[in-house]
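Chain naming here is simple, since letters A, B, ... match the order of the sequence lines and numbering starts at 1 in each. Nothing here was measured: the structure is a model prediction, and the numbers come from that model.
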Protein chains: 2
Amino acid sequence: MSRTVTIKDVALRANCGVATVSRVLNDSGSASPAARRRVWDAAKELGFEFSDIGRALQSSTTRTIGCVVPSLANPVFADAVQGLQEKLQQAGYQLLLTCSNYDPDSETAAIRTLLAKQVDGLVLTVCDAGKSEGLRFAGQRGLPCCLMFNQPTKDLAACFVNNFEAARCVAKEFAAAGHRDTGFLALRFGSSDRSRQRFEGFVSGCRDFGMAPPVLLEIDEDGDNLSALLADMLTAHSKLSAIFASNDFLAIAAIRAARQLGRKVPADLSIVGFDGLEIGTMMEPSLATIVTRPKLMGRGAAETVLAVLTGNPPPDPQNKSLSFNFREGGSLAPPRKAEKNDDGKVPASPSSSPTLRKSCDDKTKD
Amino acid sequence: MSRTVTIKDVALRANCGVATVSRVLNDSGSASPAARRRVWDAAKELGFEFSDIGRALQSSTTRTIGCVVPSLANPVFADAVQGLQEKLQQAGYQLLLTCSNYDPDSETAAIRTLLAKQVDGLVLTVCDAGKSEGLRFAGQRGLPCCLMFNQPTKDLAACFVNNFEAARCVAKEFAAAGHRDTGFLALRFGSSDRSRQRFEGFVSGCRDFGMAPPVLLEIDEDGDNLSALLADMLTAHSKLSAIFASNDFLAIAAIRAARQLGRKVPADLSIVGFDGLEIGTMMEPSLATIVTRPKLMGRGAAETVLAVLTGNPPPDPQNKSLSFNFREGGSLAPPRKAEKNDDGKVPASPSSSPTLRKSCDDKTKD
DNA sequence: AGCTCCGTTGGAAACGTTTCCAGTAAACCA
DNA sequence: TGGTTTACTGGAAACGTTTCCAACGGAGCT
């Protein structure tokens, strides 16, 4: 209703100049006790609050950090954003959030908007760190910027897990369980370089651990007709006994789809995911997966950009490679032909309560 | 590096006044073809982008909507924010996001900050819509504002589900299954009025459907020592055979805790949640729960504030009460003493694949 | 008394836009 | 030809801050 009250109104009422009001309310510069009192009273009576916009204009600083993630529907990103937000809030920064829906164009658009809004820093999960247009813009401006989930580039810090190594680790587990013919269920590489990196790591692992090259199935993030696609894949490659999905969401969808096709998991088909969503431990069968710590990624990214913003010591390791673990689960078992049991149970099945395997830890410190 | 380029620089380079530049680039007002050309070229060469801050200052509009939710860790809120964000983005608005961590004080602080940042509108999930300080501030400013999850107040629109009725619905299911002594596992009422409303509805339902008044267990959102608390509750009330948790997160934690205590779900203890998280259908046992549509809440809230922002027809129903359903699940079964089976299986158990019960639909249209 | 020094104070510029308004020149009409 | 419309243009004000700077007065010193 009533026009918003500005510093001028306060000055008028307190019978002084705006400069004095600013000094008093910001506790910068000097002012007589009498003046202080009058200003304080006036401000209170009028219910005055500073406008961050006026402030931003004059200081060219917004105390706002922009963030782009593919989607909040995947808890991995939701958790990361949560971690990010906590840290930012502590430091008195606000979070301007956008989702790209895995689309490079909308990602670029989002970054442009964020830049126009004069964010003080950027935290991004991009489709492809190598070719992101938005990243270039940001770079030109010399804005503090940190990637999340994406691996670092030559001029951009990141908080991430080593997708290649983690994927190799999955290959190793498959091999150990006796699998030989595997598939990789991937988010379209164009929308997720993480997916590509995991695939590459998996290929490398399959080679090194004596398995056949994996069959690749690339799908859209909505994963609409997964059932049909999976069916095609399985009939085209009848020996296929295990699938590595590029994230837990996909893995869960795959388990569901496999069931619809009448395949028992893990008896007929083993499935392993990536991310380590908590859900995985509550499912039946529990989901074997790579466990990562998304919240830490958000926190780490926040620290990185805040550090340069506050002119503090450059964050200890410029790039934070987070550790990961392989989590065993009921969804991974030896291939059927390895055993001759009619009840569908596989004797060598891993312990039922999910445990963390140390064997597969990332070498990099946390 | 290089000082950011402003409209003045463009004007200088295009050999015209800033007014002309503004007119050309915004395609408002007239300009000669020659001038247009020069301005466009100059802008391109200099890589000029408008500063939203200057714009905001002059138009006192930021094209930004503020949002406060308790946490992004709970997919219910993450999904809602996702829905909200999609709609806002479509309409050319940005989202300024804050989490309150279920703390009223930090909620108030968050709202103040958002107001200082001059958001054009507000979408909030507050601890207590009745007593929220922040809500008062917002109201004074006459800002477009919509609640999510909270029920509407006399002067505030909301997108929500009727917690009271939904909870009554759960009571009905418990009664139908033959339970009589029940408990309610609640998020501390001070941090969630939804929790309180659900409790009240449940109490009402228990009365009407001939069950004993439910035992109340209030816990913090972190739910640290749930196991111990649950144990106390169960020993203090030995006849207790079913628990209604005020959200799915809590319900899942409760199932876990119950297991640790050696109680079988649902044989020894039935558990029902609230929210309808997708996870619930993948668990073993699957989670019986009230299914809601968080994404729709986000979308609806966005529509409400956008409508008043664009001066459009007031959103059809000012308040959007979303429908809900009861979802059957393996976590709810008749109490043990009802049957005499040694294997722990209850014959009358509901169909194994989760289905939606229409019987319990909310009366309000979607 | 005359000087300097210091604590206070408020005017004004600057930040980057948009928009009002007045001014110019060309074009049109009678 | 003279008058009026029309298209185009740029200066300047306004938006809400912060901060520089000059001014002012009193206190302390010689």
By side chain to side chain donor-acceptor pair (under 3.5 Å) - contacts of [X] (at least two apart):
X	result
Asn74(A)	none
Asp155(A)	Thr153(A)
Ser100(A)	none
Arg299(A)	Glu86(A)

Kindly calculate the angle separating the two end axes of the helix from dA1(C)-dT30(D) to dA30(C)-dT1(D), each obtained from five base pairs, and round it to 10 degrees. 60°

Between Arg23(B) and Arg23(A), which is nearer to the 5' end of DNA chain C once each is assigned its nearest nucleotide? Arg23(A)

Just by distance, no angles: are the side chains of Ser132(B) and Glu107(B) close enough, under 3.5 Å, to form a donor-acceptor pair? yes

Suppose the criterion is salt bridge (Lys or Arg N to Asp or Glu O under 4.0 Å): which pairs have a residue in [range], not counting sequence neighbours?
range	answer
residues 87-101 of chain A	Lys87(A)-Glu303(A)
residues 46-72 of chain B	Arg112(A)-Glu49(B), Lys117(A)-Asp52(B)
residues 23-34 of chain A	Asp27(A)-Arg36(A)

Is there a donor-acceptor contact under 3.5 Å from the side chain of Asp79(A) to the main chain of Lys295(A)? no

Near DNA chain C, which residues from residues 50-60 of chain B have a heavy atom under 4.0 Å away? Phe50(B), Ser51(B), Gly54(B), Arg55(B), Leu57(B), Gln58(B)

Within residues 25-37 of chain B: residues closer than 4.0 Å to DNA chain C (heavy atoms): Asn26(B)

Applied to residues 31-84 of chain B, the ring pair (Phe, Tyr, Trp, His ring centres under 6.0 Å) test, sequence neighbours excluded, yields Phe48(B)-Phe50(B), Phe77(B)-Phe149(B)

Roughly how far apart are Ile65(B) CD1 and Leu95(B) CG, rounded to 0.5 Å? 8.5 Å

Nearest heavy-atom approach of Ala301(B) to Cys159(B) is N-SG, 3.5 Å

Need one value for Asn15(A): base, sugar-phosphate or nothing, where a base atom within 4.0 Å counts as base even if backbone is also close, heavy atoms only. sugar-phosphate

Touch check for Glu49(A), heavy atoms < 4.0 angstrom, all strands: base, sugar-phosphate only, or nothing? sugar-phosphate

Ion pair present between Asp41(B) and Arg38(B), side-chain N to carboxylate O less than 4.0 angstrom? no

Quick check for you: name the first and last nucleotides of DNA chain C, 5' to 3', having an atom under 4.0 Å from a heavy atom of chain A. dT8(C) to dG16(C)

